[in-house]
Student: 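This is the structure, below, for whatever I ask next.
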Amino acid sequence: MKSLKAVLASCKTIHQALQIHAQAVVTGRHHHPFHMAPLISFFATNHLHHSHLLFSQIPNPDLFLFNFLIRAFSLSQTPHHALSLFRSMLSSSPPISPDSFTFPFLFKSCAKLSLSKLALQLYSHVIKTGFDSNVFVLNAVLHFYFAFGDVHNACKVFHESSVRDRVSYNTMINGLVRAGRADCSLKVFGEMRGNRVEVDEYTLVALLSACSSLEDRGTGRVVHGLVYRKLGCVNENELLMNALVDMYAKCGCLEVAERVVSCGNGKSGVAAWTSLVSAYALRGEVEVARRLFDQMGERDVVSWTAMISGYCNSGCFQEALELFVKLESLGMEPDEVAVVAALAACARLGGLELGRRIHRKYDGASWRCGTHRGFTCAVVDMYAKCGSIDTALDVFSRTRDDMRTTFLYNSILSGLAHHGLGEHAMAVFEEMRLLGLEPDEVTFVALLCACGHNGLVNDGKRLFESMLSVYGVSPQMEHYGCMVDLLGRAGGLDEAYYLIQNMPFRANAVIWRSLLSACKEHGDVTLARLASQELLAMEHDHGARNVLLSNMLILMDKHDEAASVRKAVDDVGIQKPPGWSYVEINGVLHKFLAGDTSHPEAKATELMLRNIHMGLETIGHVISA
DNA sequence: GTGGAACGTT
């Protein structure tokens, strides 16, 4: 008689397997772990739920069966089942203790479910029971520390461990690269070589990723040499080929990257092509990127996202959104990254209706690798940039504390700043501090900008002074710019000028322009001349500042000087690139230039604008030129 | 009769 395993191996359909199960029930073998294991294992690949059902009918499952199912669930989309199985394993009578097989699967489940506390509890159990000297357990611990972003403890455990193998090194190198510490990963690789541990394809892929993120083509070439020595010129590993192409693409060697793709005997896959698309788009050659994108044999969500982001990077937001809508219409499920890119494009175009549609559609989405943190941030940013600050605040306030990040606070703070809600911004910042989130450079730009727009001079000064001393963020050019603007608007022109003279770097055009417009506002001709001289001496020309300067001189009744500035502008032939504006009305995107009268409803628009102006002036606003 | 780690998009 054939063994059950042999019979199952020849099963072609689920029905045949179910018949075998029925037979086991008839012969009374369905209660025995030993007899049921092959059936449970048969269903585990595609019908895990059924395996679980069979398992639950066994009165006394053994450690092996528990481990088997815990493993299967830890790899599945529902890893929490692995943890409940573990609980029932501990509480069965007699209780079953986990072994070195159990722990790695539990850690994997914790990592997938972001249960860092549980993982740490389990780890202390591992140490107590001595399983930390098992290399499989160690590697799983390293993996979960990296998954939780705890690079420090991963390194600590790795360096203090007495057992290490090739996988430990690979996990370290890969984890460090993904944590943005590619430089450290190369050091670990040095240790690996020093300890005469052989490299394998996992090592090589991780090293190529390190070179990609460091844009270190020299080391990249050395690793390419290692690949060649290890595997010869033709290789069968698609992931490795892709990593190689990506390395050359990220290092700017696009020609070499393309050569690797074409010499790869068709072994390089979607990822390699996606790297090329993204590299060309980043270089500003969107047309080339699009041609490659259209030529690709196979395209997945990531390739579409690369092209969409590529358009965004080159300022082609309309093309980006067209591609996103096409992606949806093809029935492909965009991931968090794609949706974030589309929302960013909406934000830049003022596409409120499309943005709102995207927000509603993906609000409850359950993304495989998504955290929803990026999504929330992009949604808040989109509403704020589209002028709907109330909706932005609404989404923000309904966001759970553990979903709040510095980035999210930066989005809402910038929104509040641009909407002139300075006091509200200060209150939100206070809330951010209480939550223990650390502000970064962007936070302070938003805050100082908010203070500037609302005349909160003392708050602004206090914040600026606390940046480095309290928060460890050193002020950049933008922050000085905000301060010059803040002081200038409040009439503190001398203080602003003093700040410019005492900055650690030379002021840029933005700063001088901001001082110039403050001079205009407060009628300081001497400082205005000084600022405009600085501006004219700057290399990269910008027509707007001269227009501003001549406007100012006209307002100050210095028509002769104004005329000479205008003439200087005309003589040099300074041209300001046209600034396109976009507005979305009822889902239709309208594009126009300043002074553009080509739109069919230009007259009506002009009339409405005049009404708004008059309304603003009636309630006491001063409209500057 | 069960183990581990890997590529491309923000």
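Computed over heavy atoms, backbone and side chain alike; hydrogens, waters and symmetry mates excluded. Values in this document were obtained by computation on a predicted structure and should not be read as measured data. A note on names: the letters A, B, ... follow the listed sequences, proteins ahead of strands, and every chain is numbered from 1.
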Student: Enumerate donor-acceptor pairs with a distance under 3.5 Å from any side-chain N or O in residues 247-255 of chain A to protein atoms, sequence neighbours excluded.
Tutor:
{"unit_1": "A:Tyr248", "atom_1": "OH", "unit_2": "A:His224", "atom_2": "ND1", "d": "2.8"}
{"unit_1": "A:Lys250", "atom_1": "NZ", "unit_2": "A:Asp246", "atom_2": "OD1", "d": "3.1"}
{"unit_1": "A:Lys250", "atom_1": "NZ", "unit_2": "A:Asp246", "atom_2": "OD2", "d": "3.2"}

Student: Considering only side-chain heavy atoms of A:Val337, which listed nucleotide, B:dG8, B:dG3, B:dT10, is closest?
Tutor: B:dT10

Student: If every non-hydrogen atom of A:Ser213 is compared with every non-hydrogen atom of A:Val177, which pair is closest and at what distance?
Tutor: OG-CG1, 4.3 Å

Student: If I take atom CZ in residue A:Arg166 and atom C1' in nucleotide B:dA6, what distance separates them, rounded to the nearest angstrom?
Tutor: 14 Å

Student: Whole angstrom is fine here: how far is it from NZ in A:Lys230 over to P in B:dA6?
Tutor: 19 Å

Student: Taking the minimum atom-to-atom distance to the side chain of A:Asn242, which one of B:dA6, B:dC7, B:dT10 wins?
Tutor: B:dC7

Student: Under 4.0 Å, heavy atoms only, any strand: does A:Thr102 hit a base, just the sugar-phosphate, or nothing?
Tutor: nothing

Student: Please state whether the phosphate of B:dG3, meaning OP1 or OP2, lies under 4.0 angstrom from any side-chain nitrogen or oxygen of A:Arg71.
Tutor: yes

Student: Rounded to the nearest Å, what distance is computed from the CG atom of residue A:Asp99 to the P atom of nucleotide B:dG3?
Tutor: 12 Å

Student: What pairs with A:Lys230 under salt bridge (Lys or Arg N to Asp or Glu O under 4.0 Å), at least two apart in sequence or on another chain?
Tutor: A:Glu198

Student: What heavy-atom pair brings A:Asp132 and A:Val126 nearest, and what distance separates the two atoms?
Tutor: N-CG1, 3.5 Å

Student: Would you check if A:Phe101 stacks with the base of B:dT2, given a 5.5 Å centroid limit and a 30° plane limit, both strict?
Tutor: yes

Student: Please determine if a side-chain N or O atom of A:Asn174 lies less than 4.0 Å away from the OP1 or OP2 oxygen of B:dA5.
Tutor: no

Student: Please confirm whether the shortest side-chain N or O distance from A:Lys250 to OP1 or OP2 of B:dT9 is below 4.0 Å.
Tutor: yes

Student: Tell me which nucleotide among B:dC7, B:dG8, B:dT2 gets nearest to the side chain of A:Val270.
Tutor: B:dG8

Student: Would the A:Phe55 and A:Phe66 ring centres measure less than 6.0 Å apart?
Tutor: yes

Student: Once hydrogens and angles are ignored, does a donor-acceptor distance under 3.5 Å link the base of B:dG8 to the side chain of A:Ser275?
Tutor: no

Student: Hey, can you pull the donor-acceptor pairs under 3.5 Å for the side chains in residues 293-300 of chain A, sequence neighbours left out?
Tutor:
{"unit_1": "A:Asp294", "atom_1": "OD1", "unit_2": "A:Arg290", "atom_2": "NE", "d": "3.2"}
{"unit_1": "A:Asp294", "atom_1": "OD2", "unit_2": "A:Arg290", "atom_2": "NE", "d": "3.3"}
{"unit_1": "A:Asp300", "atom_1": "OD1", "unit_2": "A:Val302", "atom_2": "N", "d": "3.2"}
{"unit_1": "A:Asp300", "atom_1": "OD1", "unit_2": "A:Ser303", "atom_2": "N", "d": "3.0"}
{"unit_1": "A:Asp300", "atom_1": "OD1", "unit_2": "A:Ser303", "atom_2": "OG", "d": "2.7"}

Student: Could you list the donor-acceptor pairs under 3.5 angstrom formed between side-chain atoms of residues 142-158 of chain A and any protein atom two or more places apart in sequence or on another chain?
Tutor:
{"unit_1": "A:Asp150", "atom_1": "OD1", "unit_2": "A:Asn153", "atom_2": "N", "d": "3.0"}
{"unit_1": "A:Asp150", "atom_1": "OD2", "unit_2": "A:Asn153", "atom_2": "ND2", "d": "2.8"}

Student: Roughly, in whole Å, what's the span from CZ in A:Phe158 to P in B:dA5?
Tutor: 17 Å

Student: With the threshold set at under 4.0 Å for non-hydrogen atoms, list the residues of residues 289-308 of chain A touching DNA chain B in residue-number order.
Tutor: A:Asp300, A:Val302, A:Ser303, A:Thr305, A:Ala306

Student: Which residue pairs pass the salt bridge (Lys or Arg N to Asp or Glu O under 4.0 Å) test with at least one member in residues 178-189 of chain A, sequence neighbours excluded?
Tutor: none

Student: Is it the case that the base of B:dA6 and the side chain of A:Asn170 share a donor-acceptor contact (distance under 3.5 Å, atom types as modelled)?
Tutor: no

Student: In this structure, how many angstroms lie between the C1' atom of B:dT9 and the OH atom of A:Tyr280, rounded?
Tutor: 18 Å

Student: To the side chain of A:His143, which of B:dG3, B:dT9, B:dA5 is closest?
Tutor: B:dA5

Student: Between B:dG8 atom C1' and A:Met241 atom CE, what is the distance in whole Å?
Tutor: 14 Å

Student: What is the distance from CD1 of A:Ile173 to C1' of B:dC7, rounded to the nearest Å?
Tutor: 16 Å

Student: Counting side-chain heavy atoms from CB outward, which of B:dG8, B:dG3, B:dA6 is closest to A:Val205?
Tutor: B:dA6

Student: In whole Å, what is the span from the CZ atom of A:Phe55 to the C1' atom of B:dT2?
Tutor: 13 Å

